[in-house]
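Data block below; observations after.
A quick note: this is a predicted structure, and the numbers were derived from the prediction, not measured. Just so you know, ligand 1 is whichever comes first in the structure, and atom 1 is the first atom listed for that ligand.
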Amino acid sequence: MYNLVVFASGNGSTLQAIIDNINSGNLKAKIQLVVSNNPNAYALSRAQNDNIPTYIIRNNKSADIDIELLEVLSNYDIDLIVLAGYLKLIGSGLINKYTIINTHPALLPKYGGKGMYGMNVHRAVIEAHENESGVTLHYVNEKYDSGDIISQTVVPVYPDDTPEDLSSRVQRAEKVQLINSLKEFILNL
Ligand code: GAR
């Protein structure tokens, strides 16, 4: 079985897409653990509803989180860590030990970096009058949104789009792209 750990800080609709595809048999994987820095993340309820173990990070600084998670994750079999709307920087201990991927809701290298997450990204894209945005799946390194790109999907931006309109269009494409890429990771194990 292909073992995933998913990190999520918020709503968790991306996590839900992974859960749904596993439950339907479309994705031959198991989520061993859902990790969050935010005790109120709805992603945690989604995991619990599916009887997936959850872990809430106790520390706040990236270096301390790195040590904490190295210890916690050593108890699990892990093929891949997926950042699905996780907002903390990943430390070098985790990066050196695991393969970690992140899904970002824009066409990196544009609209990435610290503070560029969720609706902030879509607002910035619309304010810049871009006519394209999209999704980037990439490996995680020690800087925000700058690891090697695995795949990208382009999504149109329409002149009257609100950030919410763009967000839902990007998130629909994001789920398709992530599930397809996860299938490839599983095939190449
Ligand atoms: C996703 O669109 C993801 O790409 C984005 O946050 C959203 C999480 O939604 N991640 C980032 O912006 C990271 N820089 P969700 O909580 O509903 O899965």
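Using a 4.0 Å cutoff on heavy atoms, T103 counts as a contact of ligand 1.
For the residues M119, E174, H104, K114, the heavy atom positioned nearest atom 13 (C) of ligand 1 is part of H104. When the heavy-atom distances from atom 5 (C) of ligand 1 to G113, P105, A43, G115 are ranked, the shortest goes to P105. Distances from atom 9 (O) of ligand 1 to the heavy atoms of Q16, Q171, H122 show the closest one on Q171.
Atom 6 (O) of ligand 1 has G85 CA, 3.7 Å as its closest protein atom, hydrogens excluded (heavy atom only). Of the protein's non-hydrogen atoms, the one nearest atom 16 (O) of ligand 1 is G12 N, 2.7 Å. Closest protein heavy atom to atom 18 (O) of ligand 1: T14 OG1, 2.6 Å. Ranking protein heavy atoms by distance to atom 17 (O) of ligand 1, first place goes to S13 OG, 2.6 Å. For atom 12 (O) of ligand 1, the closest non-hydrogen atom on the protein side is G118 N, 2.9 Å.
Donor-acceptor pairing under 3.5 Å is lacking for the side chains of Q16 and Y42.
To the nearest 0.5 Å, atom CG of residue N102 and atom CD1 of residue I150 are 9.0 Å apart. The CG atom of L178 sits 5.0 Å away from atom CD1 of I18, with the distance rounded to the nearest 0.5 Å.
Among all heavy-atom pairs drawn from I101 and V140, the shortest one is C-CG2, 3.8 Å. For the pair N37 and S9, the tightest heavy-atom approach, listed with the atom from each and the gap, is OD1-OG, 2.7 Å.
Judged by distance alone, with hydrogens and angles left aside, the side-chain atoms of N59 form no donor-acceptor pair with the main-chain N or O of K61 at under 3.5 Å.
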>> Please evaluate residues I100 and Y86 with respect to the criterion side chain to side chain contact (heavy atoms under 4.5 Å, CB included), reporting the C-alpha separation (whole Å), side-chain torsions for both, the decisive distance (0.1 Å), and the verdict.
In response: CA-CA 12 Å; I100 311 176; Y86 178 72; over 6 Å; no

> For D145 and H138, what are the C-alpha separation, side-chain angles and deciding distance, and is it a side chain to side chain contact (heavy atoms under 4.5 Å, CB included)?
Replying inline: CA-CA 8 Å; D145 302 324; H138 65 93; 3.7 Å; yes

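Using a 4.0 Å cut-off to heavy atoms of N11, the atoms of ligand 1 that qualify are 16 (O), 17 (O). For ligand 1, the atoms sitting less than 4.0 Å from at least one non-hydrogen atom of M116 are 14 (N), numbered in the order shown with element in parentheses.
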